[in-house]
Structure formats: C-alpha cells, structure tokens
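Take a look at the structure below.
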There are 2 protein chains.
Amino acid sequence: MANKKKTTIKDIANVLGITPSAVSKALNDHPRISEKTKSAVLQIARNLDYQPNHLASALRKGKSNLVGVIVPRTNSHFFSSVIENIEKVLNKEGYHIIITQSNESYKKECSNIDTLLFTQVDGIIASMANETVKLDYFEKIKSKGIPLILFDRGENDLNVDYIGINDYESSHMIVEHLINQGCKRIAHIGGYKHTRIFNNRIRGYVDAIKKHELPLDNELLIESSLTTEDGREKMTQLLALKNRPDAVYVAGDYAALGALQVLNEHHISVPLDIALVGFGNEPFTAMVTPTLSSVNQHSAEIGKQAALTFLERIKTPTVKQSLNKIILDAELIVRSSSRIKET
Amino acid sequence: MANKKKTTIKDIANVLGITPSAVSKALNDHPRISEKTKSAVLQIARNLDYQPNHLASALRKGKSNLVGVIVPRTNSHFFSSVIENIEKVLNKEGYHIIITQSNESYKKECSNIDTLLFTQVDGIIASMANETVKLDYFEKIKSKGIPLILFDRGENDLNVDYIGINDYESSHMIVEHLINQGCKRIAHIGGYKHTRIFNNRIRGYVDAIKKHELPLDNELLIESSLTTEDGREKMTQLLALKNRPDAVYVAGDYAALGALQVLNEHHISVPLDIALVGFGNEPFTAMVTPTLSSVNQHSAEIGKQAALTFLERIKTPTVKQSLNKIILDAELIVRSSSRIKET
DNA sequence: TATATTTGTTCCAACGTTTGAACAAAAATA
DNA sequence: TATTTTTGTTCAAACGTTGGAACAAATATA
C-alpha cells in the first residue's frame with residue numbers, strides 16, 4: 001500500500017470543503033479559526049497521515065529552521081559531545097541541524113560552507129579546520145547576513161560570537177602542575193601557531209616557564225598537527241635530544257596518545273622518567289596505560305552556549321553589535337601519567 | 001556592506017533585460033539557450049554573487065538532493081568512517097547529507113526519522129539503535145516511497161537493502177582462532193540477541209564451540225549493551241566464576257576495552273591467563289596495552305556501497321524489487337591480546 | 001518563393017505553504 | 001432598529017525556480 005502521492009494541505013481542504021488557507025491557519029493555531037474547524041482539520045490531517053512540506057513553508061517564510069554545523073571531524077568525543085548539546089538546545093526551539101565535517105581540510109571546509117549556504121540554513125556554528133588560515137569563506141557567511149558562531153578553534157578577528165575555554169590559563173596551570181610534581185625540563189608539543197587557541201596555549205606555556213625560571217629551550221617547543229601519528233614523530237624527536245625533557249605537555253590528546261605509545265615502546269617510565277599531560281580529556285585518556293592527565297574542555301557547556309548564542313542572534317534581527325565572547329574555565333584532570341608525588 | 005537582500009534569478013534577468021525563465025535555463029545549460037546568453041548570465045551571476053535558492057528548486061522539482069543518515073553515534077571510528085564514505089560518493093552526484101545520531105535510543109531514532117522526513121530528504125541510510133525492537137518508524141519511511149538503506153545494525157525482515165559483514169562466519173573465525181591458540185574454555189560477551197547481527201555472532205560462537213566439542217556453558221555466554229562500562233561489569237562477572245574462562249570474545253571493541261581494563265586491574269595476564277578478542281577494529285584497539293585483537297568491518301566499503309545502493313534506487317524509479325543484500329567478508333586482526341603461540 | 005525546420009526566447013502555470021486584505025455573517029452595542 | 005465590533009472564512013499574491021507550450025525570427029529545405 002505504497003502511498004506514493006503525499007497528502008497536502010489542499011487534500012485536507014477538499015475533504016472538509018474549506019480553503020487551503022483555512023487549513024494552514026488551523027494547523028498553525030491561528031486565533032481567528034474556530035475550534036471546530038481546528039479539530040476537524042487535525043483529525044483529517046491525522047487520518048491522511050499529513051506531513052507538512054517543509055520546503056514550501058521554508059520558501060514562503062524565508063527561513064529553513066536548519067542550522068549548519070561544521071567540525072573538523074565527528075569521531076572525537078569533544079566534537080561529538082558539542083554537537084549533541086547543540087542539537088538538544090536547538091531541537092527544543094524547532095530547529096534541526098546539518099552536520100558536516102571538514103576533515104581538517106580548508107578546501108573541504110569551503111565546500112561545506114557552500115553546501116550549507118546552498119541548503120539555506122538559518123545560521124552556522126563552526127569550529128575551524130587546522131589548515132584554515134584564510135577567512136574568506138567565513139566572511140562569505142557573514143555577508144549573507146546569517147548568524148555565524150564559532151567555538152573552540154575559531155577565536156580570531158572575524159568579529160563574530162565565540163565560545164571557548166581559557167587556553168592561556170589552562171596551559172599555565174598544566175605547566176605549574178608539572179613543576180609542582182618536580183619536573184624541571186618541560187617540553188611542549190603544541191598545535192599550529194596560526195590557530196589562536198594553540199597560540200594561546202603556547203603563550204601560556206612560555207610565560208609559565210619564564211615565571212618559574214626554567215629553561216626555555218627552542219628544542220623543547222615543537223609545532224605539530226596534533227594527530228596521533230605526528231605525536232609519535234614529535235615524541236621520537238624529543239627522545240633523540242642529548243638533553244631529554246622530564247615532562248612533555250601535548251596540546252591535544254590524540255597526539256599525546258602517540259607520544260605515550262612511543263614512550264611505552266621505549267620502556268621509558270611514565271611519569272617517573274618523563275611525565276605526560278594531554279589536552280581535551282577524550283575518554284581514552286582514562287583507558288590507556290598509564291592513564292593520561294588531561295584538560296576537560298566542558299564540551300557539553302560549549303555546545304549549549306553555542307546554540308543559545310545562535311538563538312539569541314536569530315531573535316534579535318537588529319544588528320545588535322555587542323559581541324558574545326564566552327570563555328569557560330577548563331579543568332585539569334590529573335591522572336597517572338603526571339602523578340609523581342603522592343598527594 | 002551587509003548584502004541583506006539575496007540576489008535571485010529575477011535580478012539577473014532584469015540586468016540583462018531577459019526573462020527569469022531564460023536565466024534559469026541558461027544556468028541549467030539548456031540546449032536551446034544561446035551561448036551568448038549563457039555566458040552573459042554566468043557573468044552577471046558571478047558579479048551579483050548569485051546563490052541558487054535550493055528550497056525553491058527543490059520544491060519545484062520535488063526532490064531535495066538531501067540524504068538523511070542515522071547512526072547510533074558519530075564518535076566511533078566505524079560510524080564516522082562509514083559517514084565519510086557515504087558523503088564522498090554522494091557529493092559527487094550532487095547530493096548532500098544530513099547526519100543525525102540516535103544515541104542508541106529508540107525514541108531519539110523516531111524523532112530523527114521525523115526530522116528527516118520533515119526536511120524532505122530523498123532517502124535515508126541508517127544503522128539502528130540498540131534499543132530498537134519495533135520497526136514501525138522504519139515502515140513509515142518505506143511507506144513514504146523514498147529509499148531506505150540499512151547497514152551494520154539493520155539486518156531484519158523489513159525487506160530493504162542492507163550492507164553489512166558476515167557476522168556468523170566472523171564469529172566462527174574468532175572462536176577457531178582462539179582454539180588454535182590453545183584456549184579450551186571460551187566465553188562470549190555478546191550484544192542484544194534481538195539485534196540480528198549480534199544474534200548471528202552468538203550463533204557463530206555457539207556453532208564453533210559445538211563443532212570443536214568444547215564446553216558450551218551458560219555462564220560463559222553473556223548478553224551485554226556493549227558499552228565500555230558494561231564490558232567492565234560483565235568481565236567482573238566472568239572473573240567471579242568458580243571455573244574461569246581462558247579466553248573471552250567480546251562482540252564490540254568498547255566493551256572489550258572495559259573487559260581489558262578489569263583484567264589489567266586484576267593483574268591477570270592477557271593473553272596468557274585469559275586471551276581477549278574484540279570486534280570492530282576501532283583505532284584504540286591498536287593503542288591499548290596489550291594491543292587488542294579485533295575484526296575489521298570494512299567501514300569505508302560499507303559506506304561506499306550504502307551510497308551506491310541509494311543512487312541505484314533513485315535512478316530506477318520503477319519499483320524494482322530485487323533486494324540488494326551486500327555482505328562483506330570481515331577480517332580478523334590478530335594482536336597481542338590473543339597471540340599465545342608464536343607463528 | 002513558399003514551406004518546413006531549427007533556434008532562442010517568452011509566457012504561464014506549477015510546486016505547497018503562508019499571510020494580509022477583504023468580506024460576509026454573527027454578535028454586541030448604541 | 002441601526003450601527004459597530006467581532007468572528008470565521010475566502011481571496012489573491014507571494015516565496016524562487018522550473019519546464020512545457022507557444023511563438024517569432026532565423027535558417028534550411030523543397
């Protein structure tokens with residue numbers, strides 16, 4: 001019994017002998033429509049299994065109730081959790097989301113933006129790809145006049161709303177934690193300097209090292225793509241030094257995992273020989289051996305705030321220029337990989 | 001310079017003093033439109049930064065070029081990789097995808113289906129939630145007359161296209177591998193029996209055990225939700241047995257990870273005291289200590305085939321009833337957790 | 001030269017919904 | 001009873017694009 005032809009508002013109108021516009025108004029609970037008509041319409045709609053044609057109403061109303069989300073990848077707990085919470089907030093308000101992944105590629109990100117604009121989304125919530133340096137495509141979103149909200153990887157001079165954590169302070173905190181554990185020669189495998197958040201982490205590291213008058217060695221500060229593979233490589237590089245570090249702070253958990261693998265393979269005791277701290281608090285940090293210290297980025301809260309910011313922007317059509325910069329306090333989770341002194 | 005008003009086909013028509021329909025035809029490379037007009041239109045379109053209104057064309061053409069994807073969650077490598085490959089194939093054909101997650105909840109899955117139907121997707125590719133027993137919402141998709149393609153968790157009697165792996169044989173293979181390694185008492189932490197793929201794995205396990213005349217003990221066959229947490233619990237349960245197993249085959253990697261944690265915490269040697277095999281070949285299986293044997297499910301190929309199946313269904317509007325059941329051969333990846341005998 | 005064909009365009013209706021204006025009928029007020 | 005207000009509905013246009021039919025002009029064929 002394949003119901004090929006979809007039922008429209010018109011079909012309902014015909015059954016009841018009224019006008020399509022009356023049906024539309026009934027369905028939208030228009031005050032001028034009688035209760036009798038409303039309930040009749042609802043009844044028939046149910047009987048005919050009526051599903052409103054979203055395309056038509058979006059076209060007419062000039063808004064799609066769709067929000068685009070762009071993330072570097074979905075298979076990390078952080079992004080997946082952010083998305084989940086964006087969805088939770090937006091669904092309540094009748095919005096649905098379209099998720100796209102850039103796979104850390106600038107080109108893919110641009111094509112994602114085109115896709116989303118093409119789909120007539122009402123706004124875009126994004127975290128930028130590692131590769132992204134040019135912001136032209138993000139400017140394009142802005143020029144369309146739809147809200148753009150960035151989170152995590154996205155702090156920059158675009159002059160748009162942003163939700164993230166206090167990277168500088170977190171970084172500072174990590175270094176001081178390692179110093180407290182007695183480490184004297186602390187290395188940092190950081191992300192790309194051109195990305196604001198990673199740059200902030202680097203600055204936090206540098207300033208903390210300086211503050212405690214530890215050696216600020218060029219060899220100890222390495223830029224990385226922060227993949228597991230690159231973490232392995234950069235750790236290997238550190239092990240090759242004449243003067244090895246006694247602690248390594250990696251700006252991302254996946255790269256920290258790679259580093260840990262290398263250390264384990266070399267039978268270097270973590271944390272006794274070299275202490276290790278990651279960033280992001282991915283679930284696997286609690287699963288590896290030894291468990292990996294990391295920083296909780298409050299993914300759920302970031303997602304929630306991003307969605308709320310979008311809703312706020314949508315509700316005030318006036319170009320209210322007060323920017324929303326929400327910076328959350330991150331939390332250092334100390335695990336075995338950096339617990340040297342008993343507390 | 002916020003370009004509030006979007007440029008339409010009409011604007012281009014006005015500039016050139018021609019008709020909107022001529023512009024539309026020019027943009028769609030209609031054979032009857034002169035090259036001169038075409039290039040002029042293209043030029044003006046570029047100048048005015050014209051973006052076609054997808055909503056309008058989808059409404060008119062009766063197809064949205066959107067495909068819905070439903071997965072239990074995106075933060076596993078398997079699903080993330082399937083999605084990536086679905087996208088790769090479909091993008092080439094001008095389709096875009098909307099990703100939704102059910103979080104293993106039947107209710108969420110239903111609401112996802114409603115969302116997707118509401119968005120007028122041209123088809124749905126899905127892997128079912130653990131919880132799902134009733135198939136009414138999937139019937140709803142079918143009754144709308146749009147293609148439904150299931151993969152992995154989705155083999156059932158819905159009579160729709162399906163792409164998966166040979167679970168029964170894979171399971172058989174795992175048990176025989178463990179027997180080859182000298183194991184005599186093999187336990188199975190399986191998924192929910194009501195899900196076809198997990199049931200197949202259970203059957204594969206049982207048959208292999210019977211075939212080799214090993215003890216088929218009720219205590220050794222446990223049903224689980226296959227989360228990391230539940231894996232811990234079920235492993236603890238197995239350790240409490242008077243007669244412990246010497247091998248455990250877990251039907252999912254995340255649960256296997258939980259099991260491994262418990263074994264490590266109890267200082268039980270893996271694989272010497274108890275060998276362990278997971279399922280899914282998630283990246284972390286190669287990262288934990290000891291590395292975890294698992295089964296590669298060919299996620300990329302599954303994604304590709306799912307997308308191709310969709311395209312085929314769309315291209316043959318006739319109700320061609322020959323069902324597409326693609327069953328791929330899975331591959332056992334033997335790692336330290338089950339390598340007892342040197343090869 | 002008359003007719004047939006091709007070419008390039010316009011015209012118009014349609015996709016399904018929404019919305020303000022218009023309007024008749026019913027109810028409230030004078 | 002005459003007038004105003006309220007109520008419930010219809011009317012008509014619109015959102016932006018598409019595609020078949022119609023049509024005039026240019027070109028090819030008889």
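A, B, ... follow the sequence lines: proteins, then strands. Residue 1 opens every chain.
Between the C1' atom of dG16(D) and the CG atom of Leu59(B) lies a distance of 9 Å, rounded to the nearest Å. Taking atom NE2 on His54(B) and atom P on dC15(C), their separation rounds to 18 Å, with Å as the unit. Across the protein-nucleic acid pair, Asn53(A) atom CG and dA14(C) atom C1' stand 13 Å apart, rounded to whole Å. For the pair Arg32(B) CZ and dC23(D) C1', the computed distance is 11 Å after rounding to whole Å. Remark: P of dT19(C) and CG of Leu27(A) are 13 Å apart, rounded to the nearest angstrom. Asp11(B) has its CG atom 9 Å from the P atom of dG16(D), to the nearest Å. To the nearest angstrom, C1' of dG20(C) lies 16 Å from NZ of Lys61(A).
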Requested in this report: Please report the C-alpha distance between Glu87(A) and Lys92(A) in whole Å, then the side-chain angles of each, then the deciding distance to 0.1 Å, and finally whether the salt bridge (charged side-chain N to carboxylate O under 4.0 Å, His left out) criterion is met.
Outcome: CA-CA 8 Å; Glu87(A) 209 176 359; Lys92(A) 263 187 220 137; over 6 Å; no

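Among the atoms of the strands shown, only primed sugar atoms or phosphate atoms (P, OP1, OP2) are found under 4.0 Å from some heavy atom of Ile18(A). Counting any heavy atom pair closer than 4.0 Å across all strands shown, Ser57(B) reaches sugar-phosphate atoms only and no base atom. Thr8(B) comes within 4.0 angstrom of sugar-phosphate atoms only, judged by non-hydrogen atoms across all strands, and of no base. At a threshold of 4.0 angstrom between heavy atoms, the contacts of Ser24(B) include nucleobase atoms, whether or not backbone atoms are also involved.
Picking from dG16(D), dC11(D), dT9(C) the nucleotide with the shortest atom distance to the side chain of Thr19(A) gives dC11(D). Candidate nucleotides dT10(D), dT9(D), dG16(C) were compared by shortest atom distance to the side chain of Ser21(A), and dT10(D) ranks first. Closest contact between the side chain of Ala56(A) and the listed nucleotides dT9(C), dT17(D), dT17(C) involves dT17(C).
No side-chain donor from either of Ser24(B) and Ser21(B) sits under 3.5 Å from a side-chain acceptor of the other. Between the side chains of Ser102(A) and Ser105(A), no donor-acceptor pair is found at a separation under 3.5 Å.
Applying side chain to side chain contact (heavy atoms under 4.5 Å, CB included) to Val23(A) and the options Asp11(A), Thr8(A), Ile18(A), Thr37(A) leaves one that passes, Ile18(A).
At the phosphate of dT9(C), OP1 or OP2 sits under 4.0 Å from a side-chain N or O atom of Ser34(B).
His54(B) and Phe118(A) have tilted rings, their planes meeting at an angle from 30° to 60° on a 0 to 90° scale.
Not a single donor-acceptor contact under 3.5 angstrom links the side-chain atoms of Lys25(A) to the base of dT17(C).
When each of His30(B) and Gln51(B) is assigned the nucleotide of DNA chain D with its nearest heavy atom, Gln51(B) is the one assigned upstream, toward the 5' end.
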